[in-house]
Visitor: 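Got a structure for you, questions after.
Every chain is numbered from 1 and lettered A, B, ... according to where its sequence line falls, protein lines coming before strand lines. For the numbers below, each heavy atom of this structure counts, side chains included, while hydrogens, waters and symmetry mates do not.
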Amino acid sequence: MKYNPSEIEAKWQKKWEEEGSYWALDFDKRPKFYLLIEFPYPSGAGLHVGHVRSWSAMDAYGRKKRMEGYNVLYPIGWDAFGLPAENYAIKMGVHPSKIVPQNIARFKKQCKSLGLSFDWSREINTTDPKYYKWTQWIFLKFFEKGLAYRADVPVNWCPVCKTNLADEEVLADGAHERCGQKTQKRMQKQWLLKITAYADRLLEDLETVDYSSKIATQQVNWIGRKEGINILYEIEGRSEKIVCFTTRPDTNFGATFVVLAPEHPFVASLLNSKLKKMKAYVEKAKKKSAIERIAEGRKKTGVFTGLYCINQLNNYKMPLFISDFVLMEFGTGAVVGVPGHDKRDFEFAKKFNLPIPRVVVGKDGDTSEITQKEQVQEEKGTMINSDFLNGLDISEATKRIMDYLEEKGWGKRTVTYHMRDWVFSRQHYWGEPIPIIHCNQPTGGCGAVPVPEKKLPVELPYLEKYQPSGTGESPLALALDWVDVKCPKCGGRARRETDTMPNWAGSNWYYVRYLDPHNDKTLADKKKMDYWLPVDLYQGGFEHTTLHLLYSRFVYKFLYDVGAVPNPEPYAKRRSHGIVLGPDGRKMSKSFDNVVNPEDVVGKFGADTLRVYEMFMGPFDQTIAWSEEGVEGCFRFLKRVWRLSLTKVTQEKTPLSLLAKLNRTIKKVGQDIESLKFNTAVASMMEFTNEWQSNKKGLNKADLKNFLLTLAPFAPHMTEELWQQIRRFEVRGEKLELDSLNSRNRDIRRSNFQDQDNPISHFKDSVFESIHLQPWPVYDPKFLQEEEAMIVIQVNGKVRDGIKIKSEKLKIKNEIEKMAKKSERVRKYLEGKKVKQVVYVEGKIMNFVTEQ
RNA sequence: GCCGCGGUGGUGGAAUGGUAGACACGAAGGCCUUAAGAGCCUUUGUUCCAAAAGAACGUGAGAGUUCGACUCUCUCUCGCGGCACCA
């Protein structure tokens, strides 16, 4: 019988769906395992082979876990709000509310054709009002706790498209990615979430979770915690003081100037003066976008204010400058310049001919004056020219001077972060409306008032004109009858908030909703959360490490604080996967014409082949280019297994060597799946198949079943079909005994879902006994030990021979040494030389070291 | 500039400090077949040698530790990803 994947796969997919084979059971006694993949954004392009790589690998992982007796939850849903959907809708000329369901339908069909063991009964969709009701509820909680606030924030504005842009839409040179025009920064009131209030906890709690070091490091860097000190400087002849943040106060005896950001509040007070030059500089600098500032390179510009700050340490008069290399958003917006030990300060000092004293001697011991070469901060060094700090190591000096400055009241230790508060509003149509009402009466009004919880969800109104408004406001502002409401507090005339949430909003908490997708009283039932949370393994793209992953941790921690979820960290373990590139090694893109469509691959080779190939193509966490030839290799492998399973099976015992290989394979595949090394797991099964093929006899049926069980997580359809064929053969004329786990599951399912209208309540007994409900095969350690071991014989580290030694003799070094010395090939190299040392590693290697 | 990851045959890659190149692709030769397809068998890191036997070389470059290094340490180099005038 020929291997016909399309027929087999359709048949089993239907069967699994009818029987609800992969539904997870709440409160089941088996240990739970919550396996999560990032739910997709259902784009118009359909499923990407990159999705398939991650999902089929996790599918194999989850299937094995089920076979090991875990109650596995492997859910799926749709992250369907956001700018890409809106842009796609504009491009197609169809309303997003129509386009999105179409895309979802297509994704769903494609997913199902892959035989992924998702629990479809828990499917969610972020654009469903019943879902985003709770996204809005979370926002209200943030507002209630004072963690959602409004502030003026610079936004990217495209003057041609008349719309605000996300940072992702602005190219490196400041151009809008779609129209190519230069964007501008302009200030606009936005909603922000105070993630910085959680910075320390987000950092500290990384120690309580199992993230790969790459991921953890990137989160640490993103949070960017820095300890330093704010130093107060008096301005000569003025009452105001300037506060500068620095992480290196040890070098403060080398400070020769102070620089303010153009946006610094003190600068504004200076502009009333007659200094035209200064005014012109500040105005010019403020107009520049951040991108333009960078585009100018590192050339320093600036203007002298005519004022001096006093360095209290040595009473040095430091001229006060304004320069746009200093950023208002970081630190205090004022920098004390230590040109001897900071590259930027050095450049600035050169430009304005300021002195560049040295206060640290680096490891080269150079004490000369710094004039030519750039001097950066050393990691190690000794202080000079610094009064009471002289001779101290820089880290000791830092502590000493911080204490000193604090004692004197000149400074205060402080901590800064790279991470900023999270801009949480968008001026776009296709998102969750922010549930706030603005009550601004001429007499004052109530301000920003939350929509009462009972009135949630605030449904997104259907708008014919959903395109950007052209004013920078959300298009919702044009829906006057929607905008116009009464204030929930005072009943006066008020206006709805017209901004919507970013596409991250719905994906912050979706994994909680899977636990109880239809609950209309709360996010999810508390008992269900207690049972399932935290997520045991969260698998996703590396590109989401700082945005989605960090931000959703923040949201979860907040929910924990308000008592809405049971623990402080959502994901116990996080791993990421590599990207799948086009066959040409470039990122898959329509413009390169190198996109591989999983549907085509399934059509040609079947889902099992696609799955096996995507796991075999290379290390799971590494970026890999697609290879059509590689797919064919995996197709050959499955065809070979199919053929051998039907032809090379015996009633006799499996030959010992083949049985040993099988047991080693079972062990290796099990370990490799656990450590996400899917490529070597597949390779070891190929190795086994090759031995099976070349073996004269073949596999006993019981052993064949074990091999099929091992392969089942990777190629579920084909193994299921073969399993059924074997079972049919076995039960012919016999009384069929249902596997206990299988029948138990079925009973639980039936009782759990009796009252609901779903396929499982119509479950009928059948002889069907799914391979995936069989226990994961157990290898027998007695087969892992080989009777003989090959000992490699080296002379001076070079391999000269290998000798076979009976296992029980491996401990006797003398005997092995004797045997090795008998070998012609070894003797040749030992002749006339004195053996100095004999190294023996049991069961592996013997190395003769001679005198040269 | 900073942080992170990586560099192994013609290609994708494998290798707890212990026979480098598993497995797969590609290529070459053969079997089967009227033919095609599919399948099966053999060979396949480089160099030396007519060939075999054998030997030398070989994991980006250079040094170090070690009886022994793709693996550990240091310096450099190239490539990829992230951040970036962050004080």
Visitor: Does A/K214 have any side chain to side chain contact (heavy atoms under 4.5 Å, CB included) partners at least two apart in sequence or in another chain, and if so, which?
Guide: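 So A/K214 forms a side chain to side chain contact (heavy atoms under 4.5 Å, CB included) with A/S212, A/F542.
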Visitor: A/R643 has a side chain; which of B/C85, B/G39, B/A22 sits nearest to it?
Guide: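 That would be B/G39.
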Visitor: With sequence neighbours excluded, tell me which residues meet side chain to side chain donor-acceptor pair (under 3.5 Å) with A/R664.
Guide: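 By the side chain to side chain donor-acceptor pair (under 3.5 Å) rule, A/R664 matches no residue at all.
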Visitor: Using a 4.0 Å heavy-atom cut-off, write out nucleotides 62-70 of chain B from 5' to 3' as B (base contacted by protein), S (sugar-phosphate only) or - (no contact).
Guide: -----B---
Visitor: Of the nucleotides B/C5, B/A87, B/G13, which one has an atom closest to the side chain of A/F330?
Guide: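 When the side chain of A/F330 is considered, B/A87 is the closest of B/C5, B/A87, B/G13.
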Visitor: List the residues meeting salt bridge (charged side-chain N to carboxylate O under 4.0 Å, His left out) with A/K604, not counting sequence neighbours, and say none if there are none.
Guide: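 Here the qualifying residues are A/E628.
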Visitor: Hey, where does RNA chain B pair up into stems, meaning at least three consecutive Watson-Crick or G-U pairs with distances under 3.5 Å?
Guide: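 RNA chain B forms these stems: B:1-7 with B:77-83, B:10-12 with B:23-25, B:26-31 with B:39-44, B:45-48 with B:54-57, B:60-64 with B:72-76.
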Visitor: Quick one: do the A/N663 and A/T665 side chains pair a donor with an acceptor below 3.5 Å?
Guide: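 Per modelled atom types, A/N663 and A/T665 side chains form no pair under 3.5 Å.
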Visitor: Quick one: list whatever passes salt bridge (charged side-chain N to carboxylate O under 4.0 Å, His left out) with A/D621, sequence neighbours left out.
Guide: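 Result, salt bridge (charged side-chain N to carboxylate O under 4.0 Å, His left out) vs A/D621: none returned.
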Visitor: Rounded to the Å, how far apart are A/W222 CH2 and B/G81 P?
Guide: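 Interatomic distance, CH2 of A/W222 to P of B/G81: 17 Å.
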Visitor: Anything under 3.5 Å between a protein N or O and an N or O of nucleotides 25-31 of chain B, put it in a table, one pair a line.
Guide:
from: B/C25; atom 1: OP1; to: A/R636; atom 2: NH1; distance (Å): 2.5

Visitor: For A/K804, enumerate each residue passing the salt bridge (charged side-chain N to carboxylate O under 4.0 Å, His left out) test, keeping only those at least two apart in sequence or located in another chain.
Guide: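 With sequence neighbours excluded, A/K804 shows a salt bridge (charged side-chain N to carboxylate O under 4.0 Å, His left out) to no residue whatsoever.
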Visitor: Identify whether any heavy atom of A/N679 sits under 4.0 Å from a base atom; if not, whether one sits that close to sugar-phosphate; answer base, sugar-phosphate or nothing.
Guide: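 Answer is sugar-phosphate: A/N679 comes under 4.0 Å of backbone atoms only.
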Visitor: Applying salt bridge (charged side-chain N to carboxylate O under 4.0 Å, His left out), which residue pairs with at least one partner in residues 411-421 of chain A are found, sequence neighbours left out?
Guide: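 Checked against salt bridge (charged side-chain N to carboxylate O under 4.0 Å, His left out) - neighbours excluded - the pairs reaching residues 411-421 of chain A are A/D403-A/R413, A/E406-A/R413.
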Visitor: Respond yes when some side-chain nitrogen or oxygen of A/N690 is under 4.0 Å from OP1 or OP2 of B/A22, and no when none is.
Guide: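 No, because none of the side-chain N or O atoms of A/N690 sits under 4.0 Å from OP1 or OP2 of B/A22.
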Visitor: Under the rule for side chain to side chain contact (heavy atoms under 4.5 Å, CB included), what residues qualify as partners of A/K813, not counting sequence neighbours?
Guide: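 So A/K813 forms a side chain to side chain contact (heavy atoms under 4.5 Å, CB included) with A/E817, A/V838, A/Y840, A/M846.
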Visitor: Output all residues satisfying salt bridge (charged side-chain N to carboxylate O under 4.0 Å, His left out) with A/E632, sequence neighbours left out; order by chain, then residue number.
Guide: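 Salt bridge (charged side-chain N to carboxylate O under 4.0 Å, His left out) list for A/E632, sorted by chain: empty.
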Visitor: Could I get a table of every N or O pair under 3.5 Å where one atom is in the protein and the other is in nucleotides 53-57 of chain B?
Guide:
from: B/A55; atom 1: OP1; to: A/Y829; atom 2: OH; distance (Å): 2.7
from: B/C57; atom 1: OP2; to: A/K798; atom 2: NZ; distance (Å): 2.9

